[in-house]
Structure formats: C-alpha cells, structure tokens
Peer 1: 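Got a structure for you, written out below as structure tokens; questions coming shortly.
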Amino acid sequence: MTQRLAWWIALGIVVVTAVATAPAAEACPCCGPCSKYDHMMPPEPGPLADVYVRAQPALLGRARGARLIRLLTGSTWRPQAGSMVGSANLVLVDPRAVAAAQPVGVTTTRTALVRNVIRRPGRVLIAIDGMLYRIGPCRDGRRMTTCLVRTDEAPTADDLVPGGGTFAPPPPPPPPPAAGLSQPAPGGE
C-alpha cells in the first residue's frame, strides 16, 4: 500500500512540475485583431497586371453568354510580357460552377469570380478587384488570342450588381401609435 501511495505522490509531483514549467499559451487579445495564425496563411498573390493574355490561345469572336464565360474561365490568364513585374497569374472562376479541385498551399495565382459581364457600347468589360478590364482580341507574339486590358474607367454600382441594380423598395415605415398608449423608452421595454 505504501508503494502505491509513493507512485501517486511521484506522479503528482511530475504533473505539478510539468504544469508549472509549461510556457504560457499565446491567446488573442481581447477586442482586437488576432495575428496568432498569420504564419499559417498563404502569401498574398502579386498585384494585378495591366494586360493579361489567355495562356491557351482562343479567339473572342462573337462569344456571348455561356460561350464567353467558358472563354474567360477555361484557361489561366498570364501577365503579358513587359507588363508589371511581380504580377500573379489570374484564374477566373464562374461562381455558378463549383471548382472540384482548387490548388492548396502556396500559389502564385490569383483567383477571381466572374460575377457578371458588363456590356458597354462597342466593348465587353469584366470587373476584377474593383478594376474594369476590357475583353478583346490581341496578338501575343505571332499568335492571335484574347486579352484582358485594364481600363481607366471606374465601375458603377449598376455594373457590379447583376440585373442592373434593381432592388426591391424599402419596407414602409411603422404606423404611428394609437392615441393614449404610452411609447416604450428607446432601447428598452
């Protein structure tokens, strides 16, 4: 019996020593941003280039609707030679389709959703990270392909909302209280 008691005491001393010498846990500060797991996040891809060229050449032609979306999402877009140094490749994704296999880990590719295609007189545009890119034919070396060229235009609210920005009207205001009834104090009942 004394041997069993000695084992329990020894085990207790080991546990107390382990707890007392353990380093303090790094907790996130109250009411502030938590940078505890920032080292686990992949690095932010490079900035957007001024001109992107479709990696697999394809002509724009008269692509509209689903054919235009397939043209945009069917290949990686790489920065054109001589464009901004350090820019990342661009992968456009149709939000209506679920990507089965997205690359995991460190990547030099920026992924952007094709929310809607903007049609303006004589040109077709797409918004990527708040900037408008014109979709059009171009020459990459000796081959003809399709390019995305940044424009100086800013997107309007109607451009960024599918369906032209038509929203439902706001709800009507509540009716006034009936005479003789007391109103509750703001913030309480």
Side-chain angles (χ1 to χ4, degrees), residues 33-35 37-173:
C34 182
S35 59
Y37 299 106
D38 284 352
H39 68 281
M40 299 169 80
M41 298 298 292
E44 183 70 26
L48 289 172
D50 290 334
V51 179
Y52 281 97
V53 178
R54 197 170 193 274
Q56 296 173 347
L59 295 177
L60 177 63
R62 295 183 181 258
R64 297 213 185 273
R67 289 183 60 209
L68 181 61
I69 296 296
R70 277 195 308 271
L71 179 93
L72 291 170
T73 61
S75 178
T76 302
W77 296 82
R78 58 178 174 72
Q80 188 175 36
S83 191
M84 187 183 295
V85 177
S87 5
N89 288 340
L90 183 65
V91 173
L92 299 175
V93 178
D94 185 2
R96 297 169 293 178
V98 178
Q102 289 289 329
V104 179
V106 179
T107 180
T108 59
T109 303
R110 178 183 289 256
T111 303
L113 292 176
V114 179
R115 295 195 195 299
N116 61 342
V117 176
I118 303 160
R119 297 188 194 288
R120 293 208 176 144
R123 59 190 191 261
V124 179
L125 305 168
I126 181 174
I128 302 172
D129 289 346
M131 293 176 273
L132 288 181
Y133 281 81
R134 180 179 48 83
I135 305 166
C138 68
R139 184 174 294 279
D140 183 34
R142 299 170 121 194
R143 65 186 180 139
M144 286 298 294
T145 186
T146 303
C147 288
L148 299 174
V149 181
R150 185 184 300 183
T151 65
D152 293 333
E153 301 175 49
T156 64
D158 290 340
D159 290 339
L160 300 179
V161 177
T166 55
F167 293 102

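The shown structure was predicted, so the numbers you read here are calculated from the model rather than taken from an experiment.
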Peer 1: Side-chain contact, heavy-atom cut-off 4.5 Å: Asn89 with Pro79?
Peer 2: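 In contact.
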Peer 1: Partners of Arg54 by salt bridge (charged side-chain N to carboxylate O under 4.0 Å, His left out), sequence neighbours excluded?
Peer 2: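 Residues passing salt bridge (charged side-chain N to carboxylate O under 4.0 Å, His left out) with Arg54: none at all.
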Peer 1: Less than 3.5 Å apart, which donor and acceptor atoms pair up between the side chains of residues 132-139 and the rest of the protein, not counting sequence neighbours?
Peer 2:
residue : atom : partner : partner atom : Å
Tyr133  : OH   : Ala49   : O            : 2.6
Tyr133  : OH   : Arg150  : NE           : 3.4
Tyr133  : OH   : Arg150  : NH2          : 3.3
Arg139  : NH1  : Arg142  : O            : 3.2

Peer 1: Which residue in the set Asp50, Leu125, Leu90 passes side-chain contact (heavy atoms from CB on, under 4.5 Å) when paired with Leu148?
Peer 2: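 Checked Asp50, Leu125, Leu90 against Leu148; only one passes side-chain contact (heavy atoms from CB on, under 4.5 Å): Leu90.
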Peer 1: How close do Cys147 and Val53 get, heavy atom to heavy atom, and via which atoms?
Peer 2: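 Where Cys147 meets Val53 most closely, the heavy atoms are SG-CG2, 3.7 Å.
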Peer 1: Could you go step by step and tell me if Arg123 and Glu153 meet the side chain to side chain contact (heavy atoms under 4.5 Å, CB included) rule?
Peer 2: CA-CA 13 Å; Arg123 59 190 191 261; Glu153 301 175 49; 2.7 Å; yes
Peer 1: Pair up each side-chain donor or acceptor in residues 67-77 with any protein partner under 3.5 Å, not counting sequence neighbours, and list the distances.
Peer 2:
residue : atom : partner : partner atom : Å
Thr73   : OG1  : Ile69   : O            : 2.8
Ser75   : OG   : Gln56   : N            : 3.2
Trp77   : NE1  : Leu72   : O            : 2.9

Peer 1: Do the side chain of Thr111 and the main chain of Val91 share a donor and acceptor less than 3.5 angstrom apart?
Peer 2: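 Here the side-chain-to-backbone pair does not exist.
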